[in-house]
Amino acid sequence: MVVKMENLEKERTFLMMKPDGVVRGLTGEVIKRVERCGLKLVALKMFQATRDQIDEHYPKDEGWMKRIGEKTKVNYEKYGLDVATLGTTDNLKIGQMVRGWLLDYLTSAPMIKMVIEGPHAVDLVRKMAGNTIPAQAEMGTIRGDFSVDSAAFANRDKRAIFNVVHASETPEEAEHEIDFWFGIDEINEYERVEESTYKIKR
Ligand code: ADP
Ligand code: MG
């Protein structure tokens with residue numbers, strides 16, 4: 001697939017403060033990081049999600065669930081822990097279990113949903129969020145700076161990893177999530193000052 005430069009310039013991604021981020025008062029901190037790097041906030045809302053909504057938000061395909069199982073196993077092995085204590089060693093079953101815990105986690109308090117726009121928005125916001133597992137996220141990233149969790153601790157307590165934010169992984173994932181969480185009329189258009197005053201010729 002060939003991507004047009006104009007589309008890349010206005011690439012959009014979906015960023016969501018998870019309940020742990022909201023109740024810890026980290027919302028401003030996260031928005032500040034997005035804005036200071038030059039990306040544009042074009043939609044924002046606090047809301048309480050339902051279980052059905054979270055079920056629609058995350059992919060349902062087996063590939064996605066198996067990948068979560070795989071990542072979990074790698075994390076267990078890294079710390080010399082026995083993945084069998086989860087009750088299964090099957091990647092798909094582990095993924096299904098985590099998906100269930102995500103419904104509990106993301107409905108436990110309000111969240112803040114956002115659409116962020118700008119060149120390479122998906123990759124940049126993903127980079128800012130950091131590794132899924134906070135113990136492996138670099139310092140300087142949101143997850144690295146503000147959380148200490150791991151798959152091993154989360155799974156021992158039969159819960160999802162608390163990692164402050166959700167960020168779309170690919171432009172396709174972003175499109176699905178933005179369409180799902182926002183109406184077209186809820187997304188705003190404006191020029192950030194540097195777009196007109198110090199315009200980078202794109
Ligand atoms: P990311 O949020 O970085 O895109 P994934 O899409 O792989 O990560 O997983 C979605 C969310 O599921 C993670 O952010 C995390 O909250 C949770 N999660 C992932 N793997 C596990 C796991 N092994 N145990 C508990 N929760 C997990
Ligand atoms: Mg993901």
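Counting starts at 1 for both ligands and their atoms, in listed order. By convention here, the first residue in the shown sequence is residue 1.
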**Q.** Whether W181 and F47 hold their rings parallel, tilted or perpendicular, with breakpoints at 30° and 60°
**A.** tilted

Q) Applying the side chain to side chain donor-acceptor pair (under 3.5 Å) test to N91, which of K73, R67, Q96 qualifies? A) K73

Q | Atoms in ligand 1 with a heavy atom of N155 nearer than 4.0 Å | A | 22 (C), 23 (N), 24 (N), 25 (C)

Q. Where on M16 is there a heavy atom closer than 4.0 Å to ligand 1, on the side chain, on the backbone, on both, or on neither?
A. neither

Q. Which distance, rounded to the nearest 0.5 Å, do you find between the CZ of R143 and the CE of M128?
A. 13.0 Å

Q: With atom 13 (C) of ligand 1 as the reference point, say which of D157, I161, N163 has the nearest heavy atom.
A: N163

Q: Determine, step by step, whether Y105 and D20 satisfy the side chain to side chain contact (heavy atoms under 4.5 Å, CB included) criterion, reporting the C-alpha distance in whole Å, the side-chain angles of both residues, the deciding distance to 0.1 Å, and the verdict.
A: CA-CA 9 Å; Y105 172 32; D20 53 327; 2.6 Å; yes

(Q) At under 4.0 Å between heavy atoms, is it the side chain or the backbone of R126 that contacts ligand 1, or both, or neither? (A) side chain

**Q.** N-O pairing of R33 and E29 below 4.0 Å
**A.** yes

Q. Honestly, is K45 close enough over F182, meaning NZ or CZ under 6.0 Å from the six-membered ring centre and within 45° of the axis?
A. no

Q | T132: numbered ligand 1 atoms lying under 4.0 Å from its heavy atoms | A | 1 (P), 3 (O), 8 (O), 13 (C), 14 (O)

Q) Which residue holds the protein heavy atom closest to atom 17 (C) of ligand 1, what is that atom called, and what is the gap in Å? A) L102 CD2, 3.8 Å

Q: Could you check atom 9 (O) of ligand 1 against the protein and tell me its nearest heavy-atom contact, residue, atom and distance included?
A: I68 CD1, 3.5 Å

Q.
Using only atom types and a distance under 3.5 Å, with no angle test, would you say the side chain of D145 pairs donor to acceptor with the backbone of M139?
A. no

Q | ligand 1 contact by W64, heavy-atom criterion under 4.0 angstrom | A | yes

Q: Say whether R143, considering both its backbone and side-chain N or O atoms, lies within less than 3.5 Å of an N or O atom on ligand 1.
A: yes

Q: Group every Ile, Leu, Val, Met, Phe, Trp and Tyr by side-chain heavy-atom contacts under 4.5 Å, then state whether M97 and F153 land in the same group.
A: no

Q | Closest protein heavy atom (residue, atom, distance) for atom 27 (C) of ligand 1 | A | V98 CG1, 3.4 Å

Q.
Between E186 and K113, does any side-chain N to carboxylate O distance fall below 4.0 Å?
A. no

Q) Do the charged groups of D90 and K66 touch, with an N to O distance under 4.0 Å? A) no

(Q) Could you tell me, atom by atom, which parts of ligand 1 come under 4.0 Å of a heavy atom of R159? (A) 25 (C)

Q: Check ligand 1 against A160 and write out every atom of the ligand that is under 4.0 Å from a heavy-atom position of the residue.
A: 25 (C), 26 (N)

Q) Hey, which atoms in ligand 1 end up nearer than 4.0 Å to a heavy atom of T72? A) 22 (C), 23 (N)

Q | Residue K18 vicinity, atoms of ligand 1 by number, heavy atom under 4.0 Å | A | 13 (C), 14 (O), 16 (O)

**Q.** For atom 10 (C) of ligand 1, the protein heavy atom that lies nearest, with its residue and separation
**A.** Y58 CE2, 3.9 Å

Q | Under 4.0 Å to a heavy atom of A151 - the qualifying atoms of ligand 1, by number | A | 23 (N)

(Q) On a heavy-atom basis, I'd like to know which of E169, K71, K158, E173 is closest to atom 4 (O) of ligand 1. (A) E169

Q.
With a cut-off of 2.8 Å, does E169 put an N/O/S atom close enough to the Mg ion (ligand 2)?
A. yes

